[in-house]
Number of protein chains: 2
Amino acid sequence: MRDTKSARTRRRVVDAAAHVLLRRGYAGTRLSDVAEVAQVQAPAIYYYFSSRDELIDEAVAVGLDRARSLVSEALAAAPPDLPAIDRLAIAVSAHLRTLLTHSDHAAAAIRTVPQLPEAMRERHRQAQRDYVGVWRELVAQVQDEGDLDAGLAAGTALMVVLGALNWTAEWWDPARGSLDAVIDAAQRLVRQGLAA
Amino acid sequence: MRDTKSARTRRRVVDAAAHVLLRRGYAGTRLSDVAEVAQVQAPAIYYYFSSRDELIDEAVAVGLDRARSLVSEALAAAPPDLPAIDRLAIAVSAHLRTLLTHSDHAAAAIRTVPQLPEAMRERHRQAQRDYVGVWRELVAQVQDEGDLDAGLAAGTALMVVLGALNWTAEWWDPARGSLDAVIDAAQRLVRQGLAA
DNA sequence: CACGTTTTTTACTCTGCATGAAATTCGAGC
DNA sequence: GCTCGAATTTCATGCAGAGTAAAAAACGTG
């Protein structure tokens, strides 16, 4: 057994928390619901976490980290001599895949952060910056290579683009359209939209 | 006095509800908080609404309606012979202005709908369709006029664009950047992004 | 200014949910 | 198959927050 039963239960709880968080938001996340999804009795959660907030905190942290690392990894796997604009397209694809199918973690984290109580949000501010930072760098490279529309404020444009990606979790329904179609549309829009 | 004191109090309550809703989400919206923002005692709310859900319901309805009508009006005011792509830019501007400064209603409605309990969401489905419908029509016209990238699925592209606009409420901080800068970036991205 | 009506307040109740504590089951080593 | 610690459950507590009732205040109109 690669990891103990306990570790697996713990992970189930965190996964369940992300699942509920994504659908119900911060305030709407009840431990009883998390427990049900995780197939555990609610008080059992306290064996692993000392409070509801601590659990949510971890779920969000895992999600933010995953969002960042999956994009980073996808970029790392790409040929480094690829034009930045193409690498940006890869990042778009990786991000959407993570957000929409890989698990509820990333989506839950990204969509929940704004609702968190100030203290908790503060705690994740750095992780959020790191997440945006990967993109920021990418856009800077696009700019360096002269592929960015000169009239466009890089920082603002990036946030607009990230918004488009993040909001997909709100409306995309796997039953009604393929993931690839969404990725394709997003990539086209970003390419054309930023192009010089 | 154009409208009675009572009507104004009622409106204050709905406004306050939108305000709280926007920041705390559906489940996190406490009547005590709404009351505080509205400068009213919590039970006074029950004079106007028979339950918390009814209040939230109305706040969302007002918001969705406002989001739709402000864009419609801006379009109606534009010269009708303007190319559709330019009218789309006008819609982008009107939408962002509404969302970011006009009041909390539109933003609250748009961002909260996905969290609502199923029954309530159902009740607003039509309003949401109407809201998207205005845009859908606009994009169709752009397509008719041959200004839409042929490789782009119109419906999907529209949702991606709307996402970009809606998400601005999440990150835009009036203290750190001008509204016009955001509008400008969004318009450029949309124009370039959709262009044939 | 008196009287009915509208609006607001004060003082509750009731319920759902996070959390606590003790009791119980499980599972690895002997 | 017994024992001890880890994992989990069952039962109980306390509080926050929705909702109610009835009194009080404000308002408007003769």
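Quick note on labels: first sequence line is chain A, next is B, and so on, each numbered from 1.
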Chemist: N/O contacts under 3.5 Å, protein versus nucleotides 24-26 of chain D?
Modeler:
none

Chemist: Provide, to the nearest angstrom, the distance between the CD atom belonging to A:Q39 and the P atom belonging to D:dA7.
Modeler: 19 Å
Chemist: When you check the gap from the basic side-chain N to the acidic O, do A:R10 and A:E58 get nearer than 4.0 Å?
Modeler: yes
Chemist: Distance check: side-chain N/O of B:Y47 vs OP1/OP2 of C:dT9, anything under 4.0 Å?
Modeler: no
Chemist: Name the stems that DNA chain C belongs to, where each is three or more consecutive Watson-Crick or G-U pairs with both distances under 3.5 Å?
Modeler: C:1-30 with D:1-30
Chemist: Taking side chain as C-beta onward, heavy atoms only, is B:L55 less than 4.5 Å from B:Y48?
Modeler: no
Chemist: Which nucleotide, C:dT9, D:dT9, C:dT7, lies nearest any side-chain atom of B:Y48?
Modeler: C:dT7
Chemist: Taking only side-chain nitrogens and oxygens of B:S51, does any of them come within less than 4.0 Å of OP1 or OP2 of D:dA18?
Modeler: no
Chemist: Looking at every strand, decide which applies to A:S50 at a 4.0 Å heavy-atom threshold: base, sugar-phosphate, or nothing.
Modeler: nothing
Chemist: C:dT8 P sits how many Å from B:R10 CZ, rounded?
Modeler: 12 Å
Chemist: Send over the distance from B:R52 CZ to D:dA16 C1', rounded to a whole Å.
Modeler: 13 Å
Chemist: How many whole angstroms separate atom CZ of A:R8 from atom P of D:dA6?
Modeler: 18 Å
Chemist: Do the charged groups of A:E137 and A:R87 touch, with an N to O distance under 4.0 Å?
Modeler: no
Chemist: Starting at atom CZ of A:F49, determine the distance to atom P of D:dA7, rounded to an integer number of angstrom.
Modeler: 13 Å
Chemist: Report yes or no: is the cationic atom of B:R23 (NZ for Lys, CZ for Arg) under 6.0 Å from the centre of the six-membered ring of A:Y26, at an angle within 45° of the ring normal?
Modeler: no
Chemist: Separation of B:D53 atom CG from D:dA18 atom P, in whole Å?
Modeler: 11 Å
Chemist: Do B:R97 and B:D180 meet the salt-bridge criterion of a basic N to acidic O distance under 4.0 Å?
Modeler: yes
Chemist: Sort out for me which residue in A:D149, A:L194, A:V190 forms a side chain to side chain contact (heavy atoms under 4.5 Å, CB included) with B:L189.
Modeler: A:L194
Chemist: Check B:R111 against B:L22 and note the closest heavy-atom contact, atom names and distance.
Modeler: NH1-CD1, 3.3 Å
Chemist: Is it true that atom CD of A:E36 has more than 12 heavy atoms of other residues, nucleotides or ligands lying nearer than 6.0 Å?
Modeler: no
Chemist: Verify the contact: side-chain N or O of B:Y46 to OP1 or OP2 of D:dG19, cut-off strictly under 4.0 Å; return yes or no.
Modeler: yes
Chemist: For the pair made of CD in B:E36 and P in D:dG17, what is the distance, rounded to whole Å?
Modeler: 12 Å
Chemist: Measure from the side-chain heavy atoms of B:P43 and tell me the nearest of C:dT19, C:dA18, C:dT10.
Modeler: C:dT10
Chemist: How long is the line joining CG of A:L31 and P of C:dA18, in whole Å?
Modeler: 4 Å
Chemist: Which distance, rounded to the nearest 0.5 Å, do you find between the CD1 of A:I45 and the CD of A:E54?
Modeler: 12.0 Å
Chemist: Just wondering, are more than 12 heavy atoms of other shown residues or ligands nearer than 6.0 Å to CZ in A:R24?
Modeler: no
Chemist: Please state whether the phosphate of C:dT7, meaning OP1 or OP2, lies under 4.0 angstrom from any side-chain nitrogen or oxygen of B:S6.
Modeler: yes
Chemist: Whether B:T9 contacts C:dT8 is assessed here as follows: a side-chain N or O lying under 4.0 Å from the phosphate OP1 or OP2. Is that the case?
Modeler: yes
